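Each remark here refers to the structure printed beneath this line.
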Amino acid sequence: MEKINMEPMELRLMERLAELYPTIAKASTEIINLQAILNLPKGTEHFLTDIHGEYEAFSHVLKNGSGSVKKKIEEIFGHTLSTKDKKALATLIYYPKEKMKLVSKTEPHMDEWYRITLYRLIEVCKRVASKYTRSKVSKALPADFAYVIDELITEKPEILDKEAYYEQIIDTIIEVRRAEEFIIALSELIQRLVVDHLHILGDIYDRGPGPHLIMDKLMEYHSVDIQWGNHDILWMGAAAGQKTCIANVVRICARYSNLDILEDGYGINLLPLATFALSTYGDDPCTCFKIKGSGDLNAMEAELSRMMHKAISIIAYKLEGELVERHPEFHMDNRRVLEAIDYENGTVEIEGKTYQMLDTNFPTIDPNDPYRLSAEEEEVIERLVNAFNGCEKLQRHMHFLLKKGSLYKVYNGNLLYHGCVPLEEDGSFSKVEVYGKQYQGRELYDTLEKYVRKAFFAVDEEERQKGRDILWYIWSGSSSPLYGKHKMATFERCFLAEDEPKVEYKNAYYKFLENEEVLDRILDEFQVKGNDRHIINGHVPVHHMSGESPAKCNGKLLIIDGGFSKAYQKETGIAGYTLINNSWGLVLAAHEPFTSTEDAITQERDILSNSMVVTRVKNRQSVGDTDAGEQMRERIAELQELLKAYRSGLLVEKL
């Protein structure tokens with residue numbers, strides 16, 4: 001018998017492990033199971049970014065796995081089904097309930113259609129389930145049909161007449177009138193299994209009309225992580241009660257004609273703002289505050305929206321100026337714009353130059369104290385603070401972002417983040433001041449994330465307030481890793497005709513996207529291991545129409561924001577890039593604009609995608625090649641030590 005010695009700490013760990021595996025048999029079985037899993041194909045990862053409230057397009061890409069479902073159908077039925085039948089099957093998998101309703105209106109032999117469809121779906125299920133353990137598949141099965149689906153997709157070598165066996169099961173499903181529910185269950189299972197893990201690289205919020213719906217869907221998703229974008233951080237700041245963040249959230253919703261998100265999506269009462277805007281700017285055409293995407297508004301609604309946009313914008317400029325004054329360490333004096341206005345001559349000085357303003361009606365601004373809120377403005381913002389703090393649904397969504405989110409993530413040899421790592425002109429890491437101390441590289445991210453969490457959880461009120469205020473800085477600060485421009489020119493875009501003062505200069509990071517030495521330095525800084533490592537980056541739209549590629553530096557860096565937001569699509573020419581990382585390598589998909597869910601169902605219009613292989617491995621990657629595989633090997637080593645402890649008599653089995 002092997003004699004082993006253990007330190008007290010090691011022994012305590014073994015005792016804890018023995019509670020989970022109380023016998024040699026159980027520990028041995030777990031080692032066998034883990035070793036088997038290590039040799040299974042790596043699960044498929046799906047990367048999405050900059051969704052910007054476009055729920056329908058997001059939902060569709062989630063359903064089709066950026067083409068993964070269609071690829072499986074092609075692999076199985078490539079030469080046995082027509083293109084039309086393959087499209088119909090894909091649409092059914094994406095929208096089973098809606099598609100069956102349409103089919104039933106024109107199909108005279110529904111029982112036969114059910115039978116054919118069930119056989120096809122079972123074949124797809126078998127293919128997508130093949131890379132997982134039976135245990136993992138079982139956990140994904142819908143409760144009502146778990147046993148039957150398991151029977152249909154699991155090979156039964158003991159059954160001689162398999163065809164008759166499966167046929168009997170399917171006939172019974174149809175006879176008891178459960179075919180439609182069963183088709184829905186199979187379709188949802190395929191969607192569930194085709195993607196093992198989802199990465200969201202930020203900017204769920206703003207511009208589009210459905211961020212709250214996206215959040216609801218993400219909260220139901222089986223496996224997801226989120227790297228916060230600056231727009232998400234802004235909403236987190238609003239939920240934490242930070243006034244400047246609240247004003248900017250409302251301002252952006254007003255600008256993009258999305259006040260319904262606040263009123264209907266989150267139940268936030270905007271009547272105090274509307275009443276104040278009407279009484280203050282009722283005689284003001286507010287032409288500088290035009291609403292984007294206001295096609296559904298009638299003339300009166302559009303007029304009121306412009307007034308509300310102006311009212312909350314002025315409040316935001318005041319709050320920003322006051323916040324910058326309180327925090328000189330933010331180095332954002334260029335956002336103290338109200339003191340730069342010559343109210344008599346209607347001009348403003350921006351970066352050393354004087355410009356004529358397009359709008360000079362400022363009834364609530366005292367030129368001698370421009371950042372002081374009027375009594376009415378103070379009441380508006382206080383009521384908004386109470387509404388945001390008290391919105392249970394918003395708080396639930398933001399706490400999900402805190403639970404699943406971070407400023408960056410290292411996952412399977414990839415470094416994921418939304419914006420940029422702040423760099424100097426020579427490619428070195430910028431030193432950024434955060435509350436009196438300077439940080440750079442990974443330490444900057446870790447420090448900022450610590451303050452984000454303090455905004456919600458710090459017991460000390462001073463530290464909690466620092467956390468709230470840093471959220472606004474992360475949203476728009478020139479050295480913020482989530483923003484990465486020298487200023488956010490919202491004031492200039494509203495009030496000036498000239499283009500020059502509206503330019504937002506990017507951080508030096510964007511000059512080094514093709515510089516392998518700098519990118520390797522970033523990967524080293526974040527301790528990304530492996531020979532085939534990548535940076536996966538969101539935030540900046542890729543100009544597809546001008547020939548720009550999302551793959552930089554021979555694929556070492558991938559920018560996958562191509563423009564989910566409709567506001568970007570005229571500029572980019574496409575509707576977004578997504579990324580698939582499967583057991584064979586990395587594949588980028590460039591998507592054409594999504595028309596509507598209705599078109600996807602009735603016309604069977606999938607999002608047209610052009611795929612580009614970034615990397616392809618010679619030997620198919622297994623679970624053993626992933627971070628999860630490394631953790632499994634560590635657990636196997638621990639279990640082997642447990643076996644030694646049992647066999648040496650150091651620990652006694654609990655039989």
Side-chain angles (χ1 to χ4, degrees), residues 206-207 230 234 244 247-248 250-252 254-256 277 280-281 283-292 294 302-303 305-328 330-374 377 472-473 475-480 483-508 510 540-541 567-568 570-571:
D206 289 334
R207 295 195 176 92
N230 61 319
L234 183 67
T244 320
N248 276 288
V250 179
R251 176 185 64 77
I252 293 170
R255 185 179 183 221
Y256 286 91
T280 307
Y281 300 102
D283 297 328
D284 187 338
C286 300
T287 53
C288 291
F289 293 86
K290 292 179 181 177
I291 307 301
K292 290 193 172 187
S294 57
E303 186 178 12
S305 293
R306 289 197 302 273
M307 294 177 197
M308 293 172 72
H309 185 194
K310 181 170 183 177
I312 198 65
S313 294
I314 299 301
I315 291 172
Y317 301 144
K318 288 184 175 186
L319 291 169
E320 287 174 355
E322 187 272 332
L323 185 59
V324 171
E325 187 175 25
R326 274 196 290 121
H327 292 292
F330 287 177
H331 302 290
M332 293 181 66
D333 282 345
N334 61 2
R335 294 303 83 202
R336 287 176 59 81
V337 289
L338 299 185
E339 66 191 53
I341 297 174
D342 182 333
Y343 291 90
E344 289 186 8
N345 296 314
T347 61
V348 64
E349 184 178 325
I350 302 290
E351 295 173 345
K353 292 186 178 181
T354 300
Y355 299 92
Q356 189 68 42
M357 297 184 67
L358 299 173
D359 184 344
T360 57
N361 182 34
F362 302 116
T364 70
I365 295 178
D366 177 358
N368 297 315
D369 190 6
Y371 301 112
R372 181 175 56 81
L373 295 175
S374 69
E377 288 172 326
W472 176 77
Y473 174 81
W475 147 250
S476 60
S478 60
S479 295
S480 162
Y483 185 57
K485 299 178 185 178
H486 88 291
K487 68 176 181 180
M488 186 174 283
T490 53
F491 177 90
E492 291 87 336
R493 283 194 291 270
C494 278
F495 289 103
L496 304 181
E498 293 83 357
D499 291 330
E500 182 184 358
K502 301 173 187 175
V503 176
E504 299 167 340
Y505 296 104
K506 294 179 184 177
N507 183 267
Y510 295 99
V540 177
Y568 286 148
K570 288 182 181 179
E571 183 181 344

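On a predicted model such as this, the values are computed, not experimentally measured, just so you know.
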Where is the tightest heavy-atom contact between Leu358 and Leu496, given as atom of each residue plus distance? CD1-C, 3.7 Å
Between Cys494 and Phe289, what is the shortest heavy-atom contact and its length? SG-CE2, 3.7 Å
Checking Glu303 now: which residues fulfil salt bridge (charged side-chain N to carboxylate O under 4.0 Å, His left out) with it, not counting sequence neighbours? none
Mind checking ring pair (Phe, Tyr, Trp, His ring centres under 6.0 Å) for Tyr317 and listing every partner two or more places apart, or none if nothing turns up? Phe491
When rounded to the nearest 0.5 angstrom, what distance separates NE2 in His309 from NZ in Lys290? 12.5 Å
With sequence neighbours excluded, what pairs up with Tyr505 under the ring pair (Phe, Tyr, Trp, His ring centres under 6.0 Å) test? His486
Any residue meeting side chain to side chain contact (heavy atoms under 4.5 Å, CB included) with Glu504, in chain and number order, not counting sequence neighbours: Tyr483, Lys485, Met488, Ala489, Arg493
For Ile365 against Pro367, the heavy-atom pair lying closest together: O-CD, 3.4 Å
Listed by chain and number, what are the side chain to side chain contact (heavy atoms under 4.5 Å, CB included) partners of Asp369, not counting sequence neighbours? Asp366, Arg372
Before giving the answer on side-chain contact (heavy atoms from CB on, under 4.5 Å), spell out for Asn230 and Trp475 the whole-Å C-alpha distance, their side-chain angles and the decisive distance to 0.1 Å. CA-CA 5 Å; Asn230 61 319; Trp475 147 250; 3.7 Å; yes
Under the rule for side chain to side chain contact (heavy atoms under 4.5 Å, CB included), what residues qualify as partners of Pro363, not counting sequence neighbours? Thr280, Tyr281, Asn361
Can you tell me if Tyr371 uses its side chain to pair, donor with acceptor, with the backbone of Leu323 under 3.5 Å? no
Mind checking side-chain hydrogen bond (donor to acceptor under 3.5 Å, both in side chains) for Asp359 and listing every partner two or more places apart, or none if nothing turns up? Lys310
Please answer whether the main-chain N or O of Ser476 pairs with a side-chain N or O of Ser480 as donor and acceptor at a distance below 3.5 Å. no
So which atom in Ile291 and which in Ala302 form the shortest heavy-atom distance, rounded to 0.1 Å? CG1-O, 4.4 Å
Distance col, row Met332:CE vs Ser479:OG, nearest 0.5 angstrom, shows 9.5 Å
Mind checking side-chain hydrogen bond (donor to acceptor under 3.5 Å, both in side chains) for Asn345 and listing every partner two or more places apart, or none if nothing turns up? Asp342
To the nearest 0.5 angstrom, please state how far the CD atom of Glu320 sits from the OG atom of Ser313. 9.5 Å
With Glu377 via side chain to side chain contact (heavy atoms under 4.5 Å, CB included) - residues at least two apart: Phe276, Ile314, Ile315, Lys318, Thr364, Leu373, Ser374
Can you name the closest pair of heavy atoms from Val348 and Val337 and give their distance? CG2-O, 4.3 Å
Hey, does the side chain of Arg336 reach the backbone of Gly321 with a donor-acceptor pair shorter than 3.5 angstrom? yes
Pick from Glu492, Glu325, Glu351: which one makes a salt bridge (charged side-chain N to carboxylate O under 4.0 Å, His left out) with Arg335? Glu492
Considering all heavy atoms of both residues, which atom of Thr360 and which atom of Gly346 are nearest to each other, and what is their separation? CG2-CA, 3.6 Å
Any donor-acceptor pair under 3.5 Å linking the side chain of Arg306 with the backbone of Pro285? yes
Please enumerate all residues that pass side-chain hydrogen bond (donor to acceptor under 3.5 Å, both in side chains) together with Arg251, with sequence neighbours excluded. Asn248
Glu500 versus Lys353: any side-chain heavy-atom pair under 4.5 Å? yes
Trp472 side chain near Val324 side chain, heavy-atom distance below 4.5 Å: yes
With sequence neighbours excluded, tell me which residues meet ring pair (Phe, Tyr, Trp, His ring centres under 6.0 Å) with His331. none
Checking Tyr355 now: which residues fulfil side-chain hydrogen bond (donor to acceptor under 3.5 Å, both in side chains) with it, not counting sequence neighbours? none
Are Pro370 and Phe362 close enough that some pair of their side-chain heavy atoms sits under 4.5 Å apart? no
